[in-house]
Amino acid sequence: MSHAQTAAVDYTAEVFIDGRFEPPASDWLPVLDKGSGAAFGRYGNASPAQVDRAVAAAGRAQPAWADIDANTRCAVLRAFAAELGRRHDELIELIIRETGAMAEKAEEELEQSVNQLLNSATQLTENAGSILPPYKGGKISLSRAVPLGVIGLIVPWNYPMSLAMRALAPGLAYGNAVVLKPAELTPIAGGQVLAEAARAAGIPEGVFAVLPGDGPGTGSALYRHPGLDLIHFTGSFDVGREITDFAVRAGKPVVTELGGDNAFVVLDDADIDQAASCAVWSSLWYQGQTCISAGRHLVHREVADAFTEAVVERVRKLRVGDPLRDEVDLGPVISAVQRARFHDGLVEPSIAAGAKVAVGGTYDGQFYQPTVLTDVTPQMPVFREETFGPVMPITVVDSEAEALELVNRHRTLMNSVFTGDPLRGLAFAERVTCNEVHVNDGYARHGGEGQLAAFTRRQWVGLQTAPVSYPAWAQGS
Ligand code: NAD
């Protein structure tokens, strides 16, 4: 289904510091509609001086924000969610344009963003720590969660709004200030809109800042800023490593959410129809540009032909085009640079090394035909690296043990295993060395209580309610 088109809106992604919008230090640069290729907005690079002012304002504003009572902070976050909800239709179209997404992905992203705010708003009123068992009479020992201070948040383009919100909502909820740098390809849904909604919701001046800009300039100035108390980064492994190196040397807390070379395993007793549908969905949802996309398929020899046939049959029917204007199943990939990265860098060399194109392998600009590659070996680039594009490499394995070894050979974020025996799937999952594994599916929910630990620090407080008998030498006798 193509998305009903409304009147185009031209957007400006400004720098947002201390509750006010201002122009960037650089010239304006275009924000492209990824389907049409036309500019529909503009942004610029926030300068190091603007980064400095944003972090300073955040540092000044944070203590008062943390002191606001929980119910009031909860109400502000709910108002933030309501603001996004109020702009629903406009924001869906914006996300489609700015990220090249199908309407379903845009709906998912907005819904996740709103829910993240509502969940964080609730969580902040529920749990602020715990009481520890006393170790002496008249002692109350509290373990309480206190805000970290100022969080520097750097986010990629694939889910610009919800990946920002993943840290922004709990970060604000637990009394922190947040300085956000959205990706340069998506500064509107990932930055401007959030600043507007936060301001309308009554987030106090300075508590939230948005600094559009590139990675090496604005992003680097942000993560290196001494005023940050936590660096929160989502993006590629290489940049994550650069930031972690810096954080370790600076002795600064850092959270990184990086990419992985995720595997989709089909065992010999799997329901092939279900496995093929899930594989196509998991590899091709949003053109394969999610951190949990299935990037390589490890299929038992006994079912490999049937699985490949079922996958190819499904992929052949998929239509690629502009999700805003055409009746399509897949949109464009985010940029020509990304297409060149996975096509020229991974697909072509793998074909040269013997991989066969069962379907796809061609493109027109950013419209890349979903591609199934067979005869893929573990030595090929398309197997060894995260594809982050609409490509399904299939590798045949002879045993469950071989599949497991190949899954664990690479850094992964999310893996799936398909089998007719859920207990066999569970046993397989237990031996996979990553944090997320699915038996007969490919997606799960995150969040929950871990948020409190991630966006606060622990403080142990001892309150003595009865006099203590200190040693005589301490009493001066
Ligand atoms: P990227 O690392 O190139 O960019 C991510 C962000 O970092 C952008 O805002 C960019 O401007 C900024 N950046 C780039 N270089 C920088 C530098 N030197 N200093 C500071 N900031 C810098 O990643 P990308 O190509 O935009 O995103 C795709 C990657 O992100 C994939 O590997 C994907 O798996 C990963 N990802 C991970 C998750 C997760 O939750 N684990 C979610 C989405 C995407």
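Positions are given from 1 along the sequence. In each ligand, atom 1 is the first atom listed, and ligand 1 is the first ligand listed. Not measured: the values here are computed from a predicted model.
- Among all protein heavy atoms, the one lying closest to atom 10 (C) of ligand 1 is Glu184 OE1, 3.6 Å.
- Ranking protein heavy atoms by distance to atom 33 (C) of ligand 1, first place goes to Phe388 CE1, 3.4 Å.
- Each of the following atoms of ligand 1 lies closer than 4.0 Å to a heavy atom of Arg166: 39 (C), 40 (O).
- In this structure, Arg409 pairs ionically with Glu405, as a charged nitrogen and a carboxylate oxygen lie closer than 4.0 Å.
- For Tyr286, there are no side-chain hydrogen bond (donor to acceptor under 3.5 Å, both in side chains) partners, not counting sequence neighbours.
- Atom 6 (C) of ligand 1 has its nearest heavy-atom neighbour, among Val239, Leu258, Val155, Leu413, in Val155.
- For the pair Arg296 and Phe264, the cation-pi criterion (under 6.0 Å, within 45° of the ring axis) is not fulfilled.
- Of the polar atoms of Pro216, none of the N or O atoms is found under 3.5 Å from an N or O of ligand 1, judged by distance alone.
- Nearest protein heavy-atom contact of atom 13 (N) of ligand 1 is Gly215 CA, 3.4 Å.
- Scanning the protein heavy atoms around atom 27 (O) of ligand 1, the nearest turns out to be Pro156 CB, 3.5 Å.
- No hydrogens or angles considered: a donor-acceptor pair under 3.5 Å links the side chains of Gln112 and Ser162.
- There is no side-chain donor-acceptor pair under 3.5 Å between Arg53 and Gln50.
- No N or O atom of Ile243 sits closer than 3.5 Å to an N or O atom of ligand 1.
- Between the side chains of Tyr11 and Glu98, no donor-acceptor pair of N or O atoms lies under 3.5 Å.
- In summary, the aromatic rings of Phe233 and Tyr223 are positioned with their centroids too far apart to meet the 6.0 Å limit.
- Counting heavy atoms closer than 4.0 Å to ligand 1, residue Phe233 contributes side-chain atoms (C-beta onward) but none from N, CA, C or O.
- Gly235 O, 3.2 Å is the protein heavy atom nearest to atom 35 (C) of ligand 1.
- The closest approach between any non-hydrogen atom of Gln289 and ligand 1 is not below 4.0 Å.
- When every heavy atom of Thr234 is checked against every heavy atom of Arg166, the shortest pair comes out as OG1-NH2, 3.1 Å.
- Within the structure, ring-ring contact (aromatic ring centres under 6.0 Å, His included) contacts touching residues 330-362 (residues at least two apart or in different chains) are Phe342-Tyr368, His343-Tyr363, His343-Tyr368.
- At under 3.5 Å, a nitrogen or oxygen of Lys181, whether backbone or side chain, sits near a nitrogen or oxygen of ligand 1.
- Looking at Gly295, Gly219, Cys291, it is Cys291 that brings a heavy atom closest to atom 36 (N) of ligand 1.
- Checked against a 6.0 Å centroid threshold, the rings of Trp157 and Phe388 count as neighbours.
- In this structure, Phe237 does not count as a contact residue of ligand 1, since none of its heavy atoms falls inside 4.0 Å of the ligand.
- Given atom 25 (O) of ligand 1, the protein heavy atom at minimum distance is Trp157 NE1, 3.5 Å.
- At the top of the distance list for atom 32 (O) of ligand 1, counting protein heavy atoms only, stands Glu386 OE1, 2.7 Å.
- One option in Asn158, Ile334, Ile292, Thr290 has a heavy atom closer to atom 43 (C) of ligand 1 than any other, and that option is Asn158.
- For atom 2 (O) of ligand 1, the nearest non-hydrogen atom of the protein is Ser236 OG, 2.6 Å.
- When each of Val315, Val312, Val372 is tested with Val280 by the rule side-chain contact (heavy atoms from CB on, under 4.5 Å), just one qualifies, namely Val315.
- When distances from atom 4 (O) of ligand 1 to the protein are checked, no heavy atom turns up under 4.0 Å.
- Under 4.0 angstrom from ligand 1, there are no non-hydrogen atoms of Arg341.
- When only interatomic distances are considered, the shortest N/O to N/O separation between Thr234 and ligand 1 does not fall below 3.5 Å.
- Between Phe21 and Phe16, the ring centre distance stays below 6.0 Å.
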